[in-house]
Amino acid sequence: MSMEGETSGLHVAAGEIHPAGAQRPATENFFMGPHGIRAGWRLLLFVFLMFACLKAEGFALKHIPGVDAWFKAQDPNVMTPPTTISFEAIPLLALLISTAVMALIEKRTYADYYLSLRQAFGKRFWQGVPYGFAMLSLALALIAAFHGFALGNLALSGADALKYGALYGIGFLMVGLFEEFSFRGYMQATLGSGIGFWPAAIILSILFGAIHLNNLGEAWFGAAMAGSFGVLAAFCLQRTGNIWFPIGMHATWDWSETFFYSVPDSGFLAKGHLFNSTFHGPTWLTGGKVGPEGSVFAFLVLLIGGIGVHFIFPKKQVG
């Protein structure tokens with residue numbers, strides 16, 4: 001006896017039988033998509049985990065004898081290697097923990113969020129290192145061509161130069177890791193899975209720029225350039241397949257700006273900078289207290305950087 005007529009009105013999936021045409025529960029449609037938890041809810045959970053981790057870290061540090069007093073004693077208007085490393089280590093640890101939890105929930109790895117551990121500090125990273133230095137150098141060369149920048153004499157030499165250079169290198173590597181793995185890593189991968197790569201990249205770059213307005217001495221133009229840097233970093237991600245190139249580029253842009261060329265970085269002038277550099281002329285040329293990213297040449301440099309990436313990495317790796 002044939003069963004065709006009796007089963008044609010049923011749908012069998014994942015061990016369950018539902019009447020044909022039956023709709024999924026409304027809560028499942030709201031929270032769940034074809035690939036599991038919807039991207040928006042995953043992002044909210046990620047943000048909640050970050051917030052919880054930061055609160056937990058703050059609570060723990062506050063109750064370690066001497067640590068809370070040390071943090072309170074630091075001048076928020078002065079950048080030093082210890083403060084840079086310490087203040088970046090806290091959110092970076094929260095990010096790594098939060099992303100690890102999300103990876104367990106989503107059954108993914110860091111590589112799915114564009115941070116391939118197998119390629120950590122490999123070829124792509126070391127390609128990004130000179131690229132960031134070259135872009136910042138070009139920006140200052142253009143400012144200098146209009147008599148807006150002078151390098152000055154050495155402020156450090158010998159062992160002190162090596163010490164401060166290395167310590168700031170560690171600090172800005174942490175900056176690059178945190179900002180790229182959060183914006184171009186987890187959030188890009190998650191939001192991109194819901195609305196597409198470039199819509200997600202544009203939204204996150206706008207957010208990235210807006211957050212920079214919280215920095216001491218930042219201005220709207222500098223924040224816009226930070227957002228434009230986010231677009232460039234997303235383009236690098238698309239062309240290289242992971243965020244190691246943007247991490248290297250980001251870290252050395254900040255390192256060369258703050259330590260090597262010794263110019264303001266979003267209102268901060270580092271203690272232990274290499275040269276006694278000076279800016280001359282209007283803010284539109286030099287960027288003023290914002291730094292080179294506040295100069296009119298910043299966008300041109302980022303555009304040139306994007307053209308260079310286009311020719312160096314012609315094949316798109318991430319869609």
Side-chain angles (χ1 to χ4, degrees), residues 70-92 128-144 148-180 208-209 211-219 221-223 225-226 229 247-281 283 285-295 297-298 301:
W70 182 83
F71 275 105
K72 288 181 178 178
Q74 303 310 304
D75 185 346
N77 299 319
V78 177
M79 181 186 295
T80 67
T83 57
T84 301
I85 293 172
S86 300
F87 288 129
E88 290 302 325
I90 294 170
L92 179 58
V129 165
Y131 208 80
F133 184 84
M135 286 199 302
L136 197 280
S137 299
L138 176 59
L140 288 174
L142 290 170
I143 296 172
F149 170 70
L151 193 59
N153 61 336
L154 279 171
L156 296 174
S157 60
D160 283 339
L162 292 174
K163 178 184 73 173
Y164 279 100
L167 290 174
Y168 275 120
I170 294 170
F172 288 118
L173 174 59
M174 296 169 78
V175 172
L177 275 167
F178 174 74
E179 296 191 356
E180 295 308 317
F208 183 69
I211 287 176
H212 278 72
L213 286 171
N214 292 323
N215 291 343
L216 175 69
E218 188 62 270
F221 189 80
M225 289 305 99
F229 186 94
I247 288 171
M249 178 179 70
H250 192 146
T252 50
W253 173 288
D254 287 348
W255 180 85
S256 56
E257 178 179 36
T258 306
F259 169 73
F260 188 86
Y261 288 112
S262 312
V263 294
D265 180 357
S266 297
F268 289 97
L269 185 62
K271 182 179 180 180
H273 50 80
L274 186 59
F275 289 98
N276 292 313
S277 301
T278 55
F279 276 149
H280 314 279
T283 300
L285 172 63
T286 66
K289 62 181 180 179
V290 174
E293 65 264 29
S295 168
F297 291 118
V301 168

> Who passes side-chain contact (heavy atoms from CB on, under 4.5 Å) against Ala134, sequence neighbours left out?
Replying inline: none
> Got a sec, which residues hit ring pair (Phe, Tyr, Trp, His ring centres under 6.0 Å) with Phe178, two or more places apart in sequence or on another chain?
Replying inline: none
>> Please enumerate all residues that pass side chain to side chain donor-acceptor pair (under 3.5 Å) together with Glu257, with sequence neighbours excluded.
In response: none
>> Distance check, rounded to the nearest 0.5 Å: His273 atom NE2 versus Leu156 atom CG?
In response: 7.5 Å
>> Applying side chain to side chain donor-acceptor pair (under 3.5 Å), can you list everything that pairs with Ser277, at least two apart in sequence or on another chain?
In response: none
> Got a second to check how far Phe297's CZ is from Leu140's CG, nearest 0.5 Å?
Replying inline: 11.5 Å
> Atom CZ in Phe229, atom CD in Glu179: separation rounded to 0.5 Å?
Replying inline: 9.0 Å
> Heavy-atom distance under 4.5 Å between the side chains of Ile170 and Leu173, does that happen here?
Replying inline: no
> Considering all heavy atoms of both residues, which atom of Lys271 and which atom of Val78 are nearest to each other, and what is their separation?
Replying inline: CB-CG1, 4.2 Å
> Does Leu167 have any side-chain contact (heavy atoms from CB on, under 4.5 Å) partners at least two apart in sequence or in another chain, and if so, which?
Replying inline: Pro81, Ile85, Lys163
>> My understanding is that only residues two or more places apart in sequence, or in another chain, count here; which of them pass ring pair (Phe, Tyr, Trp, His ring centres under 6.0 Å) with Tyr164?
In response: none
>> Would you say that Leu92 contacts Val175 through its side chain, given a criterion of any heavy-atom pair below 4.5 Å between the two side chains?
In response: no
> Considering all heavy atoms of both residues, which atom of Ala226 and which atom of Gly209 are nearest to each other, and what is their separation?
Replying inline: CB-CA, 4.2 Å
>> The criterion is ring pair (Phe, Tyr, Trp, His ring centres under 6.0 Å); which residues satisfy it with Phe208, sequence neighbours excluded?
In response: Phe183, His212
>> Under the rule for ring pair (Phe, Tyr, Trp, His ring centres under 6.0 Å), what residues qualify as partners of Phe259, not counting sequence neighbours?
In response: Trp255
> OG of Ser295 to CZ of Phe279: how many Å apart, nearest 0.5 Å?
Replying inline: 8.0 Å
> Any side chain to side chain donor-acceptor pair (under 3.5 Å) pairs touching residues 166-175, not counting sequence neighbours?
Replying inline: none
> With distance as the sole criterion, is a donor-acceptor pair present between the side chains of Tyr261 and Ser137 under 3.5 Å?
Replying inline: yes
> What's the verdict on side-chain contact (heavy atoms from CB on, under 4.5 Å) for Met249 and Trp253, showing C-alpha distance, side-chain angles and the deciding distance?
Replying inline: CA-CA 6 Å; Met249 178 179 70; Trp253 173 288; 5.6 Å; no
>> So, taking the atom named OG1 in Thr80 and the one named CD in Gln74, what distance separates them when rounded to the nearest 0.5 Å?
In response: 6.0 Å
>> Taking side chain to side chain donor-acceptor pair (under 3.5 Å) as the definition, give me every residue that meets it alongside Asn276, ordered by chain and number, with sequence neighbours left out.
In response: Asn153
>> Closer than 3.5 angstrom, by distance alone: can the side chain of Thr252 be matched with the main-chain N or O of Pro130 as a donor-acceptor pair?
In response: no
> With side chains defined as the heavy atoms from C-beta onward, is the minimum distance between Glu293 and Asp265 less than 4.5 Å?
Replying inline: yes
> Taking only residues two or more places apart in sequence, or in another chain, which ones meet Ser86 in a side-chain contact (heavy atoms from CB on, under 4.5 Å)?
Replying inline: Trp70, Phe71
>> To check you understand the geometry: which heavy-atom pair defines the closest contact between Pro292 and Pro264, and what is its length?
In response: CD-O, 3.6 Å
>> My understanding is that only residues two or more places apart in sequence, or in another chain, count here; which of them pass side chain to side chain donor-acceptor pair (under 3.5 Å) with Thr278?
In response: His280
>> Quick check for you: to the nearest 0.5 Å, what is the distance between Leu177 atom CG and Ile247 atom CD1?
In response: 4.5 Å
